[in-house]
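Working notes, beginning with the structure itself.
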Number of protein chains: 2
Amino acid sequence: MRISAKSEYGVRAMVRLARQFGDGPIPLSQVAAREKISLDFLEQLMLLLRRQGLVHSARGIHGGYLLALPPSTISVGDVMRAVEGPMVNMPCLDRGEGDDPCCTMGIHVAGCATRDVWALLQEKITQTLDGVTLADLCQGQPLLPLHQPALLRELSLLAQ
Amino acid sequence: MRISAKSEYGVRAMVRLARQFGDGPIPLSQVAAREKISLDFLEQLMLLLRRQGLVHSARGIHGGYLLALPPSTISVGDVMRAVEGPMVNMPCLDRGEGDDPCCTMGIHVAGCATRDVWALLQEKITQTLDGVTLADLCQGQPLLPLHQPALLRELSLLAQ
DNA sequence: ACTAAACACGACTAAATCAGTGGGGATTCT
DNA sequence: AGAATCCCCACTGATTTAGTCGTGTTTAGT
């Protein structure tokens, strides 16, 4: 489950645009140079973001890109969906509950057990990524106020 | 962010072993046939699971694999970590907080803003996957008791 | 009008990863 | 002895990724 360069670059670039929200169009050449991202590659990403309505573009000599909405209304999830499609790519999740099962386990009559895990995972990931906005990333505040050490599975289960 | 066949097959195979927990070693040929997984590929996965101590193996004519622990003590996260390493593969997360930054943004003096998102994501994914055990998947109960529609970001933020 | 700086957009490509195959062992039961 | 099983590593074909390239179009400034 790795995070692609598309997502990473997309978010980095959008955070940069967010920091300069209100300053008019920012040329990609500037973003690419400061973020150390290939300009050609970044252009492809911005095109996708524009088509999703997350940014506006201006052509010509003083052109560039700018956020189409305030930073607090654009989530990391929005950016990632725009540049790389569905957040969790598991084909069986796209099909309806009643359709052909993804995996022919034949044990559970109604629905495949493992499919539920991927559905749950997708939901949690979406919630997490949609819960962080570009504005959050512009401020220096930590997103993880209390860091929860890894081996407390039992506790978190109880809490749930 | 797609889920690899390693993870999917690994979990499917482990669920099957969980269903037959207590029956002694199950030959992989059986698991592979019922789950429609390539036997050769599955062997590689089981080897990894064994090295992590999640299963035991028995060689010889009535050999096979069996869970090393009760199904309720093995999580989906355990299985995925065994077969495909860290749950979120973002190189900068592996390095310490003080090390060389992954991305040279140079804005935040202490730590990179986008890195925090990936760290948060990793934490949520780990919590989710470690919160579901093989025993949970053997029972028919749904993992998503109340399905939360996608567009309630504001609500979930308030709740947080 | 000309030019330079910027976006628009599709085609191409090298490298990496994934998923699966194959082959030659070692071990154990009958 | 022989068959079924795990053990382990090397290889391969297909796909995806992360770019690169080339050719436009638009706009501001001179």
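Within every chain, numbering begins at 1; the chains are lettered A, B, ... in the order of the sequence lines, protein sequences first and strands thereafter. Every value quoted in this text rests on a predicted model; they were computed, and no experiment measured them.
- One interatomic measurement links the two molecules: CG of B/Leu17 to C1' of D/dC6, which rounds to 14 Å at whole-angstrom precision.
- The line from CD of A/Glu8 to CZ of A/Arg2 is 10.0 Å long, rounded to the nearest 0.5 Å.
- Comparing D/dA18, C/dT21, C/dC7 against the side chain of A/Tyr65 picks out C/dC7 as the nearest.
- OP1 or OP2 of D/dC7 has at least one side-chain nitrogen or oxygen of B/Ser57 nearer than 4.0 Å.
- When each of A/Thr126, A/Asp130, A/Thr128 is checked for a side-chain hydrogen bond (donor to acceptor under 3.5 Å, both in side chains) with A/Ser75, only A/Asp130 meets the rule.
- If A/Arg2 and B/His62 are placed on DNA chain D by their nearest nucleotide, the residue sitting closer to the 5' end is B/His62.
- As a whole-Å value, the separation of B/Leu47 CG from C/dA26 P is 16 Å.
- Atom CD in B/Gln44 sits about 13 Å away from atom C1' in D/dT12, given to the nearest Å.
- Applying the 3.5 Å distance criterion, the base of C/dA26 shares a donor-acceptor pair with the side chain of B/Arg59.
- Across C/dA4, C/dT21, C/dC29, the shortest atom-to-atom separation from the side chain of B/Ile61 is found for C/dC29.
- Atom CG in A/Leu45 sits roughly 13 Å away from atom P in C/dC7 (whole-Å rounding).
- Across the interface with DNA chain C, nearest-nucleotide mapping of A/Gly63 and A/Arg50 shows A/Gly63 to be the residue nearer the 5′ end.
- A sub-4.0 Å separation between OP1 or OP2 of C/dC7 and a side-chain N or O of A/Arg51 is absent.
- Between B/Ile125 and B/Met1, the closest side-chain pair of non-hydrogen atoms falls below 4.5 Å.
- The closest donor-acceptor contact from the side chain of B/Arg16 to the backbone of B/Glu35 lies at 3.5 Å or more, if one exists at all.
- For the OP1/OP2 pair of D/dT5 and a distance below 4.0 Å, the side-chain nitrogens and oxygens of B/Ser29 include at least one atom meeting the criterion.
- Atom pair A/Leu39:CG and D/dA18:P shows a separation of 18 Å (rounding to whole Å applied).
- Distance CG (B/Leu42) to P (C/dA19): 14 Å, rounded to an integer number of Å.
- Looking at B/Glu43, its side chain has no donor and acceptor atom pair within 3.5 Å of the base of C/dT21.
- Remark: A/Met14 CE to A/Tyr65 OH distance equals 11.0 Å, nearest 0.5 Å.
- Distance CE (A/Met46) to P (D/dG19): 16 Å, rounded to an integer number of Å.
- You won't find any donor-acceptor pair under 3.5 Å spanning the side chain of A/Glu84 and the base of D/dT16, going by distance alone.
- Within the 4.0 Å cut-off from OP1 or OP2 of C/dA19, not a single side-chain nitrogen or oxygen of B/Tyr9 is found.
- Atom CG in A/Leu28 sits about 21 Å away from atom P in C/dA4, given to the nearest Å.
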